[in-house]
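This report concerns only the one structure given below.
To find a chain, count down the sequence lines: A is the first, B the second, and so on, and within it residues start at 1. Predicted model, so just to flag it, every value in this text is computed and none were measured.
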There are 2 protein chains.
Amino acid sequence: MSLDERKLKILQAIINDYIATAEPVGSRTIAKKYDLGVSSATIRNEMSDLEEMGFIIQPHASAGRIPSDMGYRLYVDNIMKRHKLGEREKRLAVSLISKNINQIQYLMDETARLISKLTNYATIFSDPIVKNTRIQKIQLMSLEGNKLMILIATDGNIVKHKIVEVRYLPEDDRLYEISTVITEMLKNQLMENIDENCKDTLYQELTGYDEIVSLVFDTIEQFVASVEKEKFHISGTNNMLAYPEFSDVEKAKNLFQTLEKKDALSKLLSEPKNNNDVQIYIGNESGIEEMKDCSIITTTYEFGNNITGTIGILGPTRMNYSQVVSVLNGMVENIEDVLNNLHNKKGD
Amino acid sequence: MSLDERKLKILQAIINDYIATAEPVGSRTIAKKYDLGVSSATIRNEMSDLEEMGFIIQPHASAGRIPSDMGYRLYVDNIMKRHKLGEREKRLAVSLISKNINQIQYLMDETARLISKLTNYATIFSDPIVKNTRIQKIQLMSLEGNKLMILIATDGNIVKHKIVEVRYLPEDDRLYEISTVITEMLKNQLMENIDENCKDTLYQELTGYDEIVSLVFDTIEQFVASVEKEKFHISGTNNMLAYPEFSDVEKAKNLFQTLEKKDALSKLLSEPKNNNDVQIYIGNESGIEEMKDCSIITTTYEFGNNITGTIGILGPTRMNYSQVVSVLNGMVENIEDVLNNLHNKKGD
DNA sequence: AATTAGCACTCAAGCTAAGTGAGTGCTAAC
DNA sequence: GTTAGCACTCACTTAGCTTGAGTGCTAATT
């Protein structure tokens, strides 16, 4: 039994219809709606074959067929057309970018919102992971009440600060000098792996400021640690409630709780991506029991040469794969453009 | 017809039972469960009175009674006991605080999560609003690619930074000098209302750096503006799905969509609070059509003398008011403690 | 050999009718 | 004022029936 042209067409018809209606698709429906030039009986025979091959499933004896995970997989890998981002979608994306966005966090959040709106699915994204970042500058500044601000800037112009309490707080001018010494010593060092010699030298050069120096190192370590445990955000989960798959509150609750816990998802999103393309997890392929009725399509965005993140779309298994893939690709392009423009060494 | 002791007891019994079961409460149930020393017939008569007075409602002829908004209002105002935070709850709150929290945002988020967990309702909170803040320090620093970081610290030790692109970027030492000049001139000025004379003087003193000076003023203005539009966060919405009130997905979806839009809620949360106490909106009292089956209990937290925020709990109208109020009060105390300890002029 | 028409069969979903039980309101007795 | 008793109401459940979409099989047709 071979998968000829006609079988593929019928499978596609079933998937299309099922994506649109969420109802099992019968042979007569296909015969009428899709012009295959054969009768429903023939289609019935073909469907019987497709079922035997495992691409479609009959939920119960007198119902139509719905695609199996395997069927979706075949569709995604071989049948689906990957169309370009539509005009309307592009316009929305551009209007998003043109807003005065200066915080990555905020940009990602807005992007996710937009994606959810465009697709009517949920959007998952990770905070950008910064690997192999090198320290560019460290700045200290005094605050009220014996508090010290420690600010770290890394390549890619990512800036983070932290406020700590110190026993002894030098004058600002002195702090500036200390900052300069620290910066000189640590500049271009890898955040993850600071040379022990440098550390020792710093403690020596800044005798009397042990407390501050050690707080600086602590802060660096904390930033590295906070990056390690990737953080995920989800938006547009409401959309999921619109699908009959989740018309049972129990199911919706389960899904939402799984999403909230995040650890399972986290593993999925941080999985290595083999190439630059999207990764598609259909139904059980995600390995998450609670998400067997969902599919996830993820991809990575990159900017600079050491900052990456993952963004993905989550929907029911019968999601519109073709649309989702193109939206995802289109939006990632946009993010990368914005970020590169914002953080790279433009103007060198 | 007067609201005597017995009627109040019966109303309380109805509310208690309804809070626990979400089922209409009948006269026999009350006679059995609550030891009022009268028969169900008597209770029936009293219930009939209570209904006439508008405190309870009969959903249909052969059903028990449920409390009306008015009934809950009476309960909340006159009957409810405001008990102290329990042991278990206190322990959780303390363990939250002891984590190394240094970002207000993060603290609020964790607090909200904890409240949701304790109460099994949803928690709403606003980012802290900073009013009448005075500038303490402004710091400039150069970054790669002609980017300039502008950092503003205000009293209460709130630090924000922004990265902008500039045409001409001075050396760091020069930027430090400029920072010092700017700080000297603007220190203790109100963020919202910077003296025009100071502005002029600054432009004069820093001739040649017009671009930078104007960017600094822009940044200040943006921070003020970003504070004006209060931002809300919601956590624990999943909890709502557990209540039979939302076992219809349609209802849950409506609620979630209303919550997502936020403008309606925003108005509610930013309403002036008459006193230091909690504010309770029962059912339609919120004025939000979609939330007629919900109640919201809000309160404000304060730290320093110019930073305030609102935090609230959202649940079904039959929520456990007594518990919610005490959790809310307890948690707010905790937040205030942490924040004051973190940001105030301790050690002066 | 492939396709199709025809028909018996299956089964979820929708409808109806009867039964159940929690709850009320009223009346008469205490 | 309180209570027992009883008729009445009405949502909810259950079982049985009907409907219709859909299948699988067979025999006829191309």
Counting side-chain heavy atoms from C-beta on, which of [options] comes nearest to [X]?
{"X": "S62(A)", "options": "dT4(C), dG24(D), dA21(D)", "result": "dA21(D)"}
{"X": "S48(B)", "options": "dG25(C), dG23(C), dT23(D)", "result": "dG25(C)"}
{"X": "R65(A)", "options": "dA5(C), dT9(D), dT23(D)", "result": "dT23(D)"}
{"X": "A41(A)", "options": "dC11(C), dA5(C), dT23(D)", "result": "dA5(C)"}

Heavy-atom count check: over 12 atoms from other residues, nucleotides or ligands less than 6.0 Å from R28(B) CZ? no
May I have the distance from [X] (atom [atom1]) to [N] (atom [atom2]), rounded to whole angstrom?
{"X": "K7(A)", "N": "dT3(C)", "atom1": "NZ", "atom2": "C1'", "answer": "14 Å"}
{"X": "E46(A)", "N": "dT3(C)", "atom1": "CD", "atom2": "C1'", "answer": "11 Å"}
{"X": "I43(B)", "N": "dG23(C)", "atom1": "CD1", "atom2": "P", "answer": "12 Å"}
{"X": "I57(B)", "N": "dT24(C)", "atom1": "CD1", "atom2": "C1'", "answer": "17 Å"}
{"X": "N45(B)", "N": "dG23(C)", "atom1": "CG", "atom2": "C1'", "answer": "14 Å"}
{"X": "H60(B)", "N": "dG21(C)", "atom1": "NE2", "atom2": "C1'", "answer": "12 Å"}
{"X": "Q58(A)", "N": "dA21(D)", "atom1": "CD", "atom2": "P", "answer": "16 Å"}
{"X": "R6(A)", "N": "dA1(C)", "atom1": "CZ", "atom2": "C1'", "answer": "12 Å"}

Under 3.5 Å, is there an N or O donor on one side and an acceptor on the other linking the side chain of R44(A) and the base of dG24(D)? yes
Supply the atom-to-atom distance T123(B) OG1 to I313(B) CD1, rounded to the nearest 0.5 angstrom. 5.5 Å
Residue whose nearest DNA chain D nucleotide is more 5′ - T29(A) or S40(B): S40(B)
Would you mind telling me which of I43(B), D17(B), I14(B), T21(B) makes a side-chain contact (heavy atoms from CB on, under 4.5 Å) with T29(B)? D17(B)
Between T42(B) and dT3(D), is there a side-chain N or O to OP1/OP2 distance below 4.0 Å? yes
Between N238(B) and F256(A), is there a donor-acceptor pair closer than 3.5 Å when you use the side chain of the first and the backbone of the second? yes
Partner of Y121(A) under ring-ring contact (aromatic ring centres under 6.0 Å, His included), chosen from Y243(A), Y321(A), F246(A): Y243(A)
